[in-house]
Protein chains: 2
Amino acid sequence: MLEIGSKGEYATRAMVYLARRYGRHTTSLTAIADEQRIPRRYLEQLIAELRKAGLIAATRGASGGYTLAKDPAEISLYDIVSVLEGPLMVQDCVENGRNACVFADECAVREVWTDLHQVIYDKLKSVTLKQLADRANQIRKEQNAKYAIYSRYPSEMVN
Amino acid sequence: MLEIGSKGEYATRAMVYLARRYGRHTTSLTAIADEQRIPRRYLEQLIAELRKAGLIAATRGASGGYTLAKDPAEISLYDIVSVLEGPLMVQDCVENGRNACVFADECAVREVWTDLHQVIYDKLKSVTLKQLADRANQIRKEQNAKYAIYSRYPSEMVN
DNA sequence: TTAATTCCTACCAATTTAGTAGGAATTGAA
DNA sequence: TTCAATTCCTACTAAATTGGTAGGAATTAA
């Protein structure tokens, strides 16, 4: 129930990856797919949707690639996930409003769906790509310190 | 994205209906289906699952029917919906925990899914059938007062 | 015995999910 | 000019899920 599918998950990870590189050169699809262990051909479609939604900018041709179309602080998790998984709609009647609500039981239930909708929306809207990228970098640092003790996995630390 | 399907919606409405009759005689499947405008044959399957989950008690044979198996105050919206739509699992790795989390980006993203998971769970778990039934009765009273002015729809007010 | 009721199981069409695949268009560099 | 890297566009597909429909057996009160 209420799952975020692979679309939302992949897209979010790809966006965090791009956020961590924001301001630098573009990143190729292959680079993202390899790094994030996402099927390249599949990610291609997801990125196409993110581009159409205005979240990603692309440069075509050799040495082309992708970058975020906006500042990471301006992109929320909701913006990303809603593109891939469709708009948040806990239950149809939440959107339809009064006309779908004929009975009192239904009304009472609908009120809760509306509440739930709001709670989820607020949460997703409150998280920005910048926050996620910062947090990812922080985790990377911690891992870096940990690995340094054992002198292992240097390749993982580079980017 | 994150939708509650007809299963969850129908099941919840049926449970609220039963909650409003808790302590009285059993209610037949047909009565619930008719009143709540839910396909009878479909509702039958949903109720079967709720019964297996221990939320509904059944009496077989003529003049049999269903009642809640527990006090409405002891049944949360989460209890109901999770039976029909499966357990809340925003993203697989939320359950899997550490082992699914190899990369920092993924980790950062997972933390948010975990947060979201908690927010949704808390909300659904905080709403009891008793609250929903009380609220439904209240709405019914308001409508009752409204309709009394115009002297209309008396049949809707009865149950 | 009958009629009302729950219970069990199978079936189905349409949609969604999670990809795979082929190849055209664009562009920087040799 | 050519080549290789890259994005872009479109079609296809197997498996699962959704939202039901349907037939009939088992149980029980009257």
V119(A): partners by side-chain contact (heavy atoms from CB on, under 4.5 Å), with sequence neighbours left out: V119(B), K123(B)
By side-chain hydrogen bond (donor to acceptor under 3.5 Å, both in side chains) - contacts of S82(B) (at least two apart): none
Salt bridge (charged side-chain N to carboxylate O under 4.0 Å, His left out) partners of E74(B), counting only residues at least two apart: none
Quick one: side chains of residues 47-73 of chain A, donor-acceptor pairs under 3.5 Å with protein atoms, not counting sequence neighbours, listed by atom name and distance.
from	atom 1	to	atom 2	distance (Å)
D71(A)	OD1	A73(A)	N	2.8

Sequence-aligned protein contact record of nucleotides 11-21 of chain D, with B where the base is within under 4.0 Å of a protein heavy atom and S where only the sugar-phosphate is: B-------BBB
Residue list, side-chain contact (heavy atoms from CB on, under 4.5 Å) with A136(A), at least two apart or on another chain: V16(A), R20(A), D105(B), A108(B)
Residues forming a side-chain hydrogen bond (donor to acceptor under 3.5 Å, both in side chains) with Q45(B), sequence neighbours excluded: none
Those residues that, when tested against S6(B), pass side-chain contact (heavy atoms from CB on, under 4.5 Å) (two or more places apart): Y10(B), Y42(B)
DNA chain D-proximal residues of residues 48-58 of chain A, any heavy atom under 4.0 Å: R51(A), A58(A)
Using a cutoff of under 3.5 Å, can you pull out all pairs of nitrogen or oxygen atoms linking the protein to nucleotides 2-5 of chain C, with atom names and distances?
from	atom 1	to	atom 2	distance (Å)
dA4(C)	N3	A62(B)	N	3.4

Partners passing side-chain contact (heavy atoms from CB on, under 4.5 Å) against E85(A) (at least two apart in sequence or in another chain): I4(A), K7(A), V81(A), M1(B)
Ring pair (Phe, Tyr, Trp, His ring centres under 6.0 Å) partners of Y121(A), counting only residues at least two apart: Y78(A)
